[in-house]
There are 2 protein chains.
Amino acid sequence: MTTTTSGFATIQQRDLVNQIADMLTEALLKGDFAPGVHLAEAQLARDFGVSRAPVREAARLLESRGMLVSQPRRGFFVRTFNAAELDDVYDLRLCLERHAVRLLAGKLTAEMEAALDAQLETMRRVANDGTALQQIEEDVAFHRMLCQFSGNQRLVRVFDELCHEMRFCILLIGQLYDDPAQVAESHQPVMDALRTRDANACEAALDYHIGIAQQRVGEMFREREGQ
Amino acid sequence: MTTTTSGFATIQQRDLVNQIADMLTEALLKGDFAPGVHLAEAQLARDFGVSRAPVREAARLLESRGMLVSQPRRGFFVRTFNAAELDDVYDLRLCLERHAVRLLAGKLTAEMEAALDAQLETMRRVANDGTALQQIEEDVAFHRMLCQFSGNQRLVRVFDELCHEMRFCILLIGQLYDDPAQVAESHQPVMDALRTRDANACEAALDYHIGIAQQRVGEMFREREGQ
DNA sequence: AACTTTCAAACTGTCGACACTCGACAGTCG
DNA sequence: CGACTGTCGAGTGTCGACAGTTTGAAAGTT
């Protein structure tokens with residue numbers, strides 16, 4: 001790595017791979033690469049000013065996150081989604097979060113409640129003065145908390161993997177939240193259900209909440225696919 | 001293995017990475033490496049007679065499967081399990097398979113039924129004249145079919161990831177099936193429930209089946225941990 | 001004897017190079 | 001005119017090497 005004379009950049013002597021992975025992720029989410037397009041290692045290496053080794057590792061990382069796919073001897077390609085795959089992702093997400101809220105309903109503490117309330121507040125705030133990306137991130141953060149508080153760390157890991165795909169897919173579509181405030185508010189019923197500690201009520205509220213989201217994203221995707 | 005129109009098996013220039021990954025996996029499952037032990041890239045490369053690059057990639061692959069963990073600048077280590085993590089894995093597995101059988105209950109075809117029955121038969125056969133490893137593989141194959149037939153491909157992928165960990169963990173413990181025939185038979189109630197097409201009955205049968213397995217593996221693990 | 005310092009071996013992260021493979025394109029033969 | 005073959009460029013798979021870091025033990029100090 002060419003050390004820039006401005007002492008700032010040297011902090012990240014740490015890990016080129018993660019930096020590259022982050023940059024690639026950002027580029028993918030920004031839509032710089034069309035779905036299905038081939039990513040040449042040497043070209044990316046030149047662009048980033050590094051050798052192919054770290055680029056290759058970063059690409060494998062994104063592959064494991066489902067944002068790239070690879071073919072032997074042909075290299076990496078930007079992941080393409082079809083409507084069926086998107087449905088699968090949402091279906092699985094529902095499966096996970098249902099399980100999470102059922103577990104959580106039986107063990108919700110005051111601290112967890114406060115943290116979730118605070119997150120809702122944050123969502124309301126960025127609904128007004130945040131970017132679309134921020135809104136999505138805070139939305140995801142709320143759902144991630146549900147998983148986290150369920151106590152099953154393995155479940156959180158799968159949720160994170162799924163989120164990478166959802167984010168990718170959502171931003172691929174373009175605008176999602178035409179009324180961010182309404183989206184933020186739609187989480188309140190889930191929170192209310194949690195407070196009752198009734199697992200069935202929680203699951204029902206979540207079903208409704210995620211069902212709506214899936215329907216909207218699905219519609220937009222199918223529209224886009226039809227073109 | 002795929003076949004071409006001419007009937008020949010496609011010679012896939014099996015790249016080194018997969019071969020190494022397979023060998024490493026086998027070694028790990030055989031218990032050649034103690035949990036927590038450090039795997040030096042150069043040493044493995046010498047053992048396999050290759051350079052470090054493919055070893056590194058294979059190790060990253062196993063890391064994504066949860067069999068190794070890596071620390072920056074320190075390399076790869078054999079994954080260690082504790083009882084809590086094992087519980088998480090089984091809990092998540094239950095979550096996935098419940099969802100799968102619920103979906104499957106509504107769409108079970110004659111072909112699927114036949115395939116599942118055949119798999120049960122295979123399990124009974126290897127219960128008599130198979131190795132412990134075969135018994136585990138056929139057991140896993142039955143549960144994998146449930147996921148496959150649910151129609152959610154993404155769910156299958158997560159199930160596969162979990163299986164790598166379960167297999168690893170189970171073989172880490174040592175003997176699991178002291179009565180293989182009984183284990184094979186314990187799948188029958190799930191199959192019977194499926195035939196009724198009643199989602200609740202399916203879920204209940206599965207809960208019972210997996211609950212028993214989790215309890216047994218958990219007990220053995222805790223015993224071993226206590227040492 | 002316990003504790004710190006020094007130092008060398010081992011190891012990882014990264015690099016540039018080379019061989020082999022794949023796909024495209026043009027040329028050849030029926 | 002169409003199908004097959006040979007060639008060429010682009011790109012991946014793999015390798016050996018170097019630099020900086022970590023580790024563990026020897027050496028030195030109180």
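All chains are named by letter (A, B, ...) in the order of the sequence lines, taking the proteins before the strands, and each is independently numbered beginning at 1.
Distance from the side chain of A:Arg73 is smallest for C:dC22 among the nucleotides C:dT12, C:dC22, C:dC15. Of the candidate nucleotides D:dG13, D:dG11, C:dG23, D:dG13 has the atom nearest to the side chain of A:Arg56.
Between the side chain of A:Gln134 and the backbone N or O of A:Thr131, at least one donor-acceptor pair lies under 3.5 Å.
A heavy-atom distance below 4.0 Å to DNA chain D is reached by these residues of residues 43-53 of chain B, ordered by number: B:Val50, B:Ser51, B:Arg52, B:Ala53.
Considering only heavy atoms from C-beta on, A:Leu92 comes within 4.5 Å of B:Leu96 through its side chain.
Look at CD on B:Glu57: it is 12 Å from P on D:dT12, rounded to the nearest Å. The distance between atom CG of B:Leu16 and atom P of D:dT12, rounded to the nearest whole Å, is 17 Å. Protein atom CD of B:Glu41 is 15 Å distant from nucleotide atom P of D:dT22, rounded to whole Å. The CD-P distance, from B:Gln19 to D:dG13, rounds to 14 Å in whole Å. Separating the CG atom of A:Asp15 from the P atom of D:dT22 is a distance of 13 Å, rounded to the nearest angstrom. Rounded to whole Å, the distance from CD on A:Gln71 to P on D:dG11 is 15 Å.
Remark: A:His38 is in phosphate contact with D:dT12, judged by side-chain N or O atoms under 4.0 Å from OP1 or OP2.
A side-chain donor from one of A:Gln119 and A:Glu138 sits under 3.5 Å from a side-chain acceptor of the other.
Using a 4.0 Å heavy-atom criterion, one finds that A:Leu39 contacts the sugar-phosphate atoms exclusively.
Going from atom CG of A:Asp91 over to atom NE2 of B:His99 covers 3.5 Å, rounded to the nearest 0.5 Å.
Counting only residues at least two apart or in different chains, ring pair (Phe, Tyr, Trp, His ring centres under 6.0 Å) contacts with residues 66-88 of chain B comprise B:His38-B:Phe77.
Taking the six-membered ring for Trp, B:His143 and B:His187 have ring centres closer than 6.0 Å.
If you find the closest nucleotide of DNA chain C to A:Pro54 and to B:Phe76, the one lying nearer the 5' end belongs to B:Phe76.
B:Glu121 meets the salt bridge (Lys or Arg N to Asp or Glu O under 4.0 Å) test with B:Arg124; sequence neighbours excluded.
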